[in-house]
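So you know, we letter chains A, B, ... as the sequences are listed, proteins then strands, and number each from 1. All values derive from a computational prediction rather than experimental measurement.
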There are 2 protein chains.
Amino acid sequence: MNIGDVSARSGLPAKTIRYYEDIGLIKPLRSANGYRSFVAADLHKLAFLGRARALGFTIEDCRTLMALYHDESRASADVKHLAQEHLAKIEAKISDLQMMHNALTELVECCAGDDRPDCPILSDLSGISSGMT
Amino acid sequence: MNIGDVSARSGLPAKTIRYYEDIGLIKPLRSANGYRSFVAADLHKLAFLGRARALGFTIEDCRTLMALYHDESRASADVKHLAQEHLAKIEAKISDLQMMHNALTELVECCAGDDRPDCPILSDLSGISSGMT
DNA sequence: CCTTGACCTTCCTGTGACAGGAACCTCCAT
DNA sequence: ATGGAGGTTCCTGTCACAGGAAGGTCAAGG
């Protein structure tokens, strides 16, 4: 199977698949013409990677997860631990974004949004302490 | 004022301040010895940038916001519009992260986390359709 | 006067996970 | 033979800086 087919089946761009080979996540064989030649196991790995990436795991996490997947003697605790650390990072990001969202929403609600120049958003950015809690 | 003082007062790393000059966000004067020489207006701009960045605005957004701030004839609608677009992006990111969080939380909760190899997280990643809703 | 150390300068590289595109090769159908 | 759709490698760009090398500058202490 060529990269185009694999791309269509896995939903991953060909660029991404080549990149994954570059960094050693997959090792497809080569045909005589130099084309990458993918087998079912490669497809399976790519699908695994696609799902792990969709859950937000980093490439290095993916590498570890794949290693664990292929390690018959793994402990599920290791997987769970990795996932929990990842969850903590997600929660931190959500928290950051939520705080930005709250602050920005309040400012937006205070802005008239008309053709006059007065703007609480700019006032806030410029360092006016609004005094409102 | 030298970059170290400005860094301490603004809370921005010296690296960041130099970068902001590189990309034209600030234009501090130079002393005879080649050191950057910051005045109050520079400090004010950096504080503005720091707050805008803390709200998650991109550098290009910051550039626009500063231009609007210095434009006496601006319409607050323009500022509000920019902020609302940014808010929409924040909401999209939160939504993405929230979905990851939900999916991952469910998987983590189903994982025993002991020394046995069986792991629903890996099963899911490998493509097992759990059938559970 | 000399040195030490803190501060400053520029310049180059690396980050994460690819996307875009150039230049070129290969295959299949007509 | 040719045209077009695939494939290949390689280089650059993204975003907002961080890290570090190599070297210049300044004030204080011996």
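Between A:N33 and A:P13, it is A:P13 whose nearest contact on DNA chain C lies nearer the 5' terminus. Nucleotides of DNA chain C nearest to B:K15 and B:N2 differ in position, and the one nearer the 5' end is that of B:N2.
Between the C1' atom of D:dC15 and the OH atom of B:Y20 lies a distance of 11 Å, rounded to the nearest Å. Residue A:I3 contributes atom CD1, which lies 13 Å from atom P of D:dG6 at whole-angstrom precision. Straight-line distance from the OH atom of B:Y35 to the C1' atom of D:dA27: 11 Å, rounded to whole Å. Atom CD in A:E21 sits roughly 16 Å away from atom C1' in C:dA17 (whole-Å rounding). Taking atom CZ of A:F38 as the reference point, atom C1' of D:dT8 lies 12 Å away to the nearest angstrom. In this structure, the CD1 atom of A:I23 is 9 Å from the C1' atom of C:dC18, given to the nearest Å. For the pair B:E60 CD and D:dA16 P, the computed distance is 8 Å after rounding to whole Å. Between the P atom of C:dC27 and the CE atom of A:M1 lies a distance of 19 Å, rounded to the nearest Å.
In this structure, the nucleotide among D:dT8, C:dT9, D:dT25 sitting nearest to the side chain of B:R36 is C:dT9. Listed nucleotides: C:dC7, D:dC17, D:dT8. Nearest to the side chain of B:R53: D:dC17. Distances were taken from every side-chain heavy atom of A:R18 (C-beta onward) to each of C:dT10, D:dT9, D:dA18; the shortest belongs to D:dT9. Side chain of B:T16, nearest nucleotide from D:dG7, D:dC17, C:dC18: D:dC17. Distance from the side chain of B:R30 is smallest to C:dT10 among C:dT10, C:dA17, C:dC8. Among C:dA17, D:dG6, D:dC17, the nucleotide with an atom closest to any side-chain atom of A:I59 is C:dA17.
Ion pairing of A:D114 with A:R116 is present here, as a side-chain N (NZ or NE/NH1/NH2) and a carboxylate O approach within less than 4.0 Å. Between A:E21 and A:K27 there is no salt bridge, since no side-chain nitrogen of the basic residue lies less than 4.0 Å from a carboxylate oxygen of the acidic one.
Interatomic distance, B:K89 NZ to B:H86 NE2, rounded to the nearest 0.5 Å: 8.0 Å. Here SG of A:C110 is found 9.5 Å from NZ of B:K80. Values are rounded to the nearest 0.5 Å.
In this structure the side chain of B:L104 reaches within 4.5 angstrom of the side chain of A:F57, judged on heavy atoms.
Checked by distance alone, A:Y19 brings no side-chain donor or acceptor within 3.5 Å of a matching partner on the base of C:dG16.
Between B:T58 and D:dC15 there is no side-chain N or O to OP1 or OP2 distance below 4.0 Å.
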